[in-house]
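Numbering of residues begins at 1 and proceeds along the displayed sequence. Order of listing sets the numbers, starting from 1, for every ligand and every atom in it. The figures here come from the full heavy-atom set of this structure, side chains too, leaving out hydrogens, waters and symmetry mates.
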Amino acid sequence: MGVGESGAALSGKRVLLVVGGGIAAVKIPDLIRRLRERGASVSPVLTRAGAEFVTPLSLSALAEEKVYTELFDLTDEAEMGHIQLSRQADIVLVAPATANLMARMVAGMADELATTVLMATDKPVMIAPAMNVRMWEHPATQRNLKQLRADGVLVAGPNEGSMACGEFGPGRMAEPLEIVDALGRHFGSGPLAGKRAIVTSGPTHEPIDPVRYIANRSSGKQGHAIARALGDLGADVVLVSGPTALPDPPGVETVHVETAVEMRDACEAALPADIAVCAAAVADWRAEAAGQKLKKQEGQPLPQLALAENPDILAGLAGRTTGRPELVIGFAAETQNVVEYATAKRKKKGCDWIVANDVSPATGTFGGDRNAVTLISAGEPETWPPMAKTEVAERLADRIAWYFGHDGPGAPE
Ligand code: CTP
């Protein structure tokens, strides 16, 4: 989304900004400046730890608002109580959201003003996590993230990159402009604002031993383009990506996985969602991976691969009895009888729509930039003219927006 659009969406919005205690707090003055440039007002609440990184004075100078630090800032209950403070905002933004602050949110602790406000609010809450990569990947933090999502908390970032602690990986706070865009999307810029989508993309790698794996030639181009197109229409998108050479699409939360089982788990962790688009070329089978590298042994029989069937992620999402995304969309790669085979696949998988691609060698679809597609839904099949994968993505996103009741170019022709 362009800055102009997020600007329009943020104009007049009141952001209660809870500042956690991490080095990323040094980006908060810039975040405040960017929000105010777009017409939002910002009331900062510093956690005790946050006050170790930025001073109340610097934040109040930028925000031109009172900065709250302790519960006793609110002694004059007649003037402003913590309940009122938590309710007067349009959204509560927690940035940086440290591992500790996320844990306290999950536990429902109200041990200082910032956490008390988070408990008392009846407004949407968005977190921008920031922490060391190990802390981010720790099962406790991942558990907490899952719980916060299930509680309806919105998540912006984190990004991958080098960190103040000298390590590299996911855990770096999203840039101020990315947080501004995430807020803009939340406040309704785009026909899919308020909708959450899960998109799978790329191949999966199924290990044979610590150095070898089974894979396929999927590039991830189509799935990544769909994630981006849905994000551009304002959806809150989680892209679950197998190994690809593609950069993470901007404005989309990307979860990197290797195997089908990891992809399935990441999709389930990203629920609840309104939309699921399964564009990944998931390996049908996984090998029973050897713990050590398989060695050539002269005179010995060749190693045998014992294969087990992988979970069908699309069928699993479509078949959920609770928490099924309202619109579940799969892909079918066919070389002949495209409509007939894809129609049967739609039924077998229990999904709502199937995007059937003709992958006969003449089309150059696999690994290429173009795609020839037929959309199979409950109605008449629609064959789209061959077009760029990015155009297929935009057209599909428009169709999804149309499905959710918005007028637009997505209506079936
Ligand atoms: N899919 C999935 N999990 C799997 C296998 C497939 O989510 N374990 C999804 C793919 O992302 C895609 C659709 O199911 O949306 C494709 O179904 P699949 O049965 O694999 O069809 P094809 O790849 O077209 O292969 P085949 O014709 O051999 O069934």
Side-chain angles (χ1 to χ4, degrees), residues 197-207 213-227 229-230 237-244 246 254-271 273 275-287 307-320 323-325 327-361 363 365-367 371-377 381 389 392-393 396-397 399-400:
I198 301 172
V199 180
T200 69
S201 182
T204 63
H205 284 184
E206 308 297 333
Y213 56 82
I214 304 171
N216 62 63
R217 293 187 195 280
S218 165
S219 65
K221 284 178 188 164
Q222 187 63 85
H224 277 55
I226 291 168
L230 290 171
V237 183
V238 180
L239 171 64
V240 182
S241 172
T244 74
L246 302 173
T254 306
V255 181
H256 296 273
V257 298
E258 294 241 330
T259 67
V261 168
E262 287 169 8
M263 188 172 272
R264 189 262 328 263
D265 292 347
C267 287
E268 285 187 357
L271 288 168
I275 304 153
V277 183
C278 293
V282 184
D284 290 315
W285 308 286
R286 64 179 177 278
L307 296 180
E309 198 164 333
N310 267 331
D312 190 317
I313 300 164
L314 172 63
L317 287 168
R320 288 180 71 90
R324 182 193 191 274
L327 186 61
V328 179
I329 304 171
F331 272 71
E334 311 290 353
T335 55
Q336 54 179 338
N337 302 335
V338 175
V339 171
E340 186 192 331
Y341 288 171
T343 305
K345 196 162 284 171
R346 172 176 173 267
K347 207 162 167 202
K348 190 173 115 202
K349 303 256 181 178
C351 57
D352 303 295
W353 299 352
I354 282 265
V355 182
N357 20 0
D358 185 348
V359 290
S360 50
T363 62
T365 297
F366 243 67
N371 210 347
V373 151
T374 302
L375 182 64
I376 312 280
S377 60
K389 288 183 177 174
V392 170
L396 185 66
R399 273 305 299 273
I400 293 170

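The shortest N or O to N or O distance between Cys278 and ligand 1 is below 3.5 Å. For ligand 1, the polar-atom distance check against Val282 finds no nitrogen or oxygen pair separated by under 3.5 Å. Checked against a 3.5 angstrom limit, the closest N/O atoms of Ile313 and ligand 1 fall inside it.
Heavy atoms of Ala260 come nearer than 4.0 angstrom to ligand 1 in no pair at all. For the pair Pro311 and ligand 1, a heavy-atom separation below 4.0 Å is found. Heavy atoms of Lys349 approach ligand 1 to within less than 4.0 angstrom. Under the 4.0 angstrom criterion for non-hydrogen atoms, Lys345 is in contact with ligand 1.
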Stepwise, does the side chain to side chain contact (heavy atoms under 4.5 Å, CB included) test hold for Val355 with Val277? CA-CA 10 Å; Val355 182; Val277 183; over 6 Å; no

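The backbone N or O of Ala283 lies less than 3.5 Å from a partner atom in the side chain of Thr204, making a donor-acceptor pair. Side-chain atoms of Gln222 come within 3.5 Å of backbone N or O of Lys389 as a donor-acceptor pair. In terms of modelled atom types and a separation under 3.5 Å, the side chain of Asn310 and the main chain of Val282 share no donor-acceptor contact. Judged by distance alone, with hydrogens and angles left aside, the side-chain atoms of Asp352 form a donor-acceptor pair with the main-chain N or O of Val328 at under 3.5 Å. Checked by atom type and distance alone, the side chain of Thr254 never pairs as donor or acceptor with a backbone atom of Leu239 at under 3.5 Å.
Between the CD atom in Glu262 and the CZ atom in Arg264 there is a gap of 10.5 Å [rounded to 0.5 Å].
Of all protein heavy atoms, the one lying nearest to atom 11 (O) of ligand 1 is Ala280 O, 2.6 Å. For atom 7 (O) of ligand 1, the closest heavy atom belonging to the protein is Leu314 N, 2.8 Å. The nearest heavy-atom contact from the protein to atom 16 (C) of ligand 1 is Phe331 O, 2.9 Å.
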